[in-house]
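Here the structure is a predicted model, which means the values were calculated and not measured. Naming: A, B, ... by sequence-line order, numbering from 1 per chain.
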2 protein chains.
Amino acid sequence: MDDALLDAEPASAGNIAARSDTATDPTTPVAPPPPAATAKAWETVLAHIEAQLAAGILSPGDRLPGERALATGLGVGRSSVREALRVLEVLGLIRTQTGSGPSSGAIIVARPSGGMSILMRLQVAAQGFAVADVVKTRLVLETAVARELAETRAHTAAARELLDAMGRGTLTDTEFLLLDAQFHLSLAEATGNDVLTATMAGLRSAIEAYVIDASAHVPDWPRTMRRLQQEHRDILAAIDAGRPGEAAERVAAHISGYYAETRITDAGHHHTSPTTSDRPPEMAPHSTLASHPALAHPTTT
Amino acid sequence: MDDALLDAEPASAGNIAARSDTATDPTTPVAPPPPAATAKAWETVLAHIEAQLAAGILSPGDRLPGERALATGLGVGRSSVREALRVLEVLGLIRTQTGSGPSSGAIIVARPSGGMSILMRLQVAAQGFAVADVVKTRLVLETAVARELAETRAHTAAARELLDAMGRGTLTDTEFLLLDAQFHLSLAEATGNDVLTATMAGLRSAIEAYVIDASAHVPDWPRTMRRLQQEHRDILAAIDAGRPGEAAERVAAHISGYYAETRITDAGHHHTSPTTSDRPPEMAPHSTLASHPALAHPTTT
DNA sequence: CTGATGATGTGGTCAGACCACATAAGTGTA
DNA sequence: TACACTTATGTGGTCTGACCACATCATCAG
């Protein structure tokens, strides 16, 4: 059955980004430059795998053929295969592992949160996304999440546990904000909507550095922390009580309140208010969070 | 000034995923295996570029050092550099071009829509995203878009032009749906929120194949097309008249109505209603759209 | 039956070599 | 001098071959 995974050009044709060069088949008369320029080798590989995913030939849990087999099967070099696999890995579609045995090689996983996070994080870093827009979008989504949870009386056990964890002991700002992120994410997860959950995870990840950095500038952090914690309790109470309108309002106030207090949305984009300071425009916070490797595939989802 | 772009370990330390091996600097005492296993070479490259983006050293329009320079500068092989650059390219952060001169090489662009699209499209293909969840999320976002546009009386000229284009002449289903997608996207763009716009583009792209496929099963397509077109006009009218509630309601009805009619949301995920047919579970539509290369970076944004 | 030991196959990485391409510099004319 | 042509030069794109570390599995001695 592995043969199907390597069929580059099935007789039925229609495969995207087929490579006519380097192919040993003399029947196809090269086809001058049909639509656009010739597809790049790594795009061929990516298209091939995407087609097999879309056709259901590959499903989560399945193993991809080895890099060498894919290369020879598609008529490309192994390095091109690797570039495509690297993309798939970062997007959260496959997981690679060295060694031998059933769990080695590239395996389909379909974990979108990691890819969403790195995408949004990098776009914010590269000034493609304004922090203010990230916050606004999060506001829209999380308000809808709270409303839906209240309407459906969804299970919020995970959120409550995180709420309790935030209440126990004295936490540093970073520790609290970590739990805070998990709390908000657990609300999204409670909807059962994976798209929503992954998007929320990405949005949060994109501005995480800014949030943490801003907490240092809050005058009375313990007081702010207590207020946020109380707001969390109120939100959860409104959800559990089945009051959609109140839940949505409280979420909106919670989010916009914090960002207004910390003025996070003032930083980090092209059209930024220039009145804040005279440093080189839009310096990013820290820029080096030790716990922030290039790929922080969150294990949350 | 290119020197800064190659500084792998600035004296201030703190760089993520620093590679102590192959480095010719004997000052750093190797640091056994600090947190986890050694970072992969391509992660080193990615982290290095991300750090420079976050620090503002790299901005849109800037050129990255050449692949060979980057490789020697970071002490990795060129293939590892390429894997990192490939990821950045797919995520819409850089654009590469062969040849010489100022427009060649890798250039920071920060175009998020393409990356968002391929991410969501692949996740749907790999069954990480349920089509129903994509539609639900789109419903939430686009409802908010319509409400905001009506509240702010935003400019909707682009949307109106597309509306007119959809009205002219007789269009095939595919042509109409293409304009339909652009119409909805233009609404998102009108908000000026790039995050929202990119997300909407990704969501649409993820289910585009399903939408087109489903249109073939609509019994009376010209009638459906006229109805959709009328709904478009009503939505735009509500927005231009500044009636947020009505605009939001009409958008919600428009979207959920179409997907209910075509039953698109019945297909394409793990927990799918098994009663529909007895084909191999969840066959994707077509799976090969000739106009659908692996990377369809939309030029819309 | 058990434990050590090698064979096998995986991804991860690097070095080197080409190619196609686009610009820039040089060269030759008119 | 001005213009056309030719030749470097440097870019990404690709392939090949070679290692390495690692994890499993088959083998074999005890």
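The residues A/R86 and A/E83 are annotated as not salt-bridged, no charged nitrogen and carboxylate oxygen being separated by less than 4.0 angstrom.
Considering only side-chain N and O atoms, B/T96 lies nowhere under 4.0 angstrom from the phosphate OP1 or OP2 of D/dT11. Residue A/R86 places at least one side-chain N or O closer than 4.0 Å to OP1 or OP2 of C/dG12.
Atom CH2 in B/W42 sits about 13 Å away from atom P in C/dC14, given to the nearest Å. When the P atom of D/dT14 is taken as reference, atom CG of A/L46 falls 12 Å away, rounded to whole Å. C/dT10 atom P lies 12 Å from atom CG of A/L64, rounded to whole Å. Here the C1' atom of nucleotide C/dC14 and the CG atom of B/L74 are 15 Å apart, to the nearest Å. Spacing between atom CD of B/E43 and atom P of C/dG12 amounts to 10 Å, rounded to whole angstrom units. Atom CD in B/Q97 sits roughly 8 Å away from atom P in C/dA22 (whole-Å rounding). Atoms CD (B/E67) and P (C/dG16) sit 17 Å apart, rounded to a whole Å. In this structure, B/R82 places its CZ atom 11 Å from C1' of D/dC15, rounding to the nearest Å.
Here the nucleotide nearest the side chain of B/T98, chosen from D/dG12, D/dT14, D/dT24, is D/dG12. Closest to the side chain of A/S103, out of D/dG12, D/dT24, C/dC14, is D/dT24.
Nucleic acid contact class of B/G99 (heavy atoms, under 4.0 Å, all strands): base. Residue A/S79 is in base contact, counting any heavy-atom pair closer than 4.0 Å across all strands shown. Among the atoms of the strands shown, none is found under 4.0 Å from any heavy atom of A/R95.
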Evaluation steps, side chain to side chain contact (heavy atoms under 4.5 Å, CB included), between A/M120 and A/I207: CA-CA 9 Å; A/M120 292 191 174; A/I207 55 175; over 6 Å; no
Derivation of the side chain to side chain contact (heavy atoms under 4.5 Å, CB included) call for B/L64 and B/L85: CA-CA 10 Å; B/L64 262 61; B/L85 293 184; 3.7 Å; yes
Derivation of the side chain to side chain contact (heavy atoms under 4.5 Å, CB included) call for A/I94 and A/I49: CA-CA 11 Å; A/I94 63 172; A/I49 296 178; over 6 Å; no
Candidate pair A/V124 and A/Y210, rule side chain to side chain contact (heavy atoms under 4.5 Å, CB included), full reasoning: CA-CA 10 Å; A/V124 168; A/Y210 290 86; 3.8 Å; yes
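If you find the closest nucleotide of DNA chain C to B/G77 and to A/S100, the one lying nearer the 5' end belongs to A/S100. Judged by closest nucleotide on DNA chain D, A/V81 is the one of A/V81 and A/P102 placed further toward the 5' end.
Within 3.5 Å, a donor on the side chain of B/R78 pairs with an acceptor on the base of D/dG13, or the reverse. Under 3.5 Å, the side chain of B/R68 and the base of C/dG16 form no donor-acceptor pair of N or O atoms.
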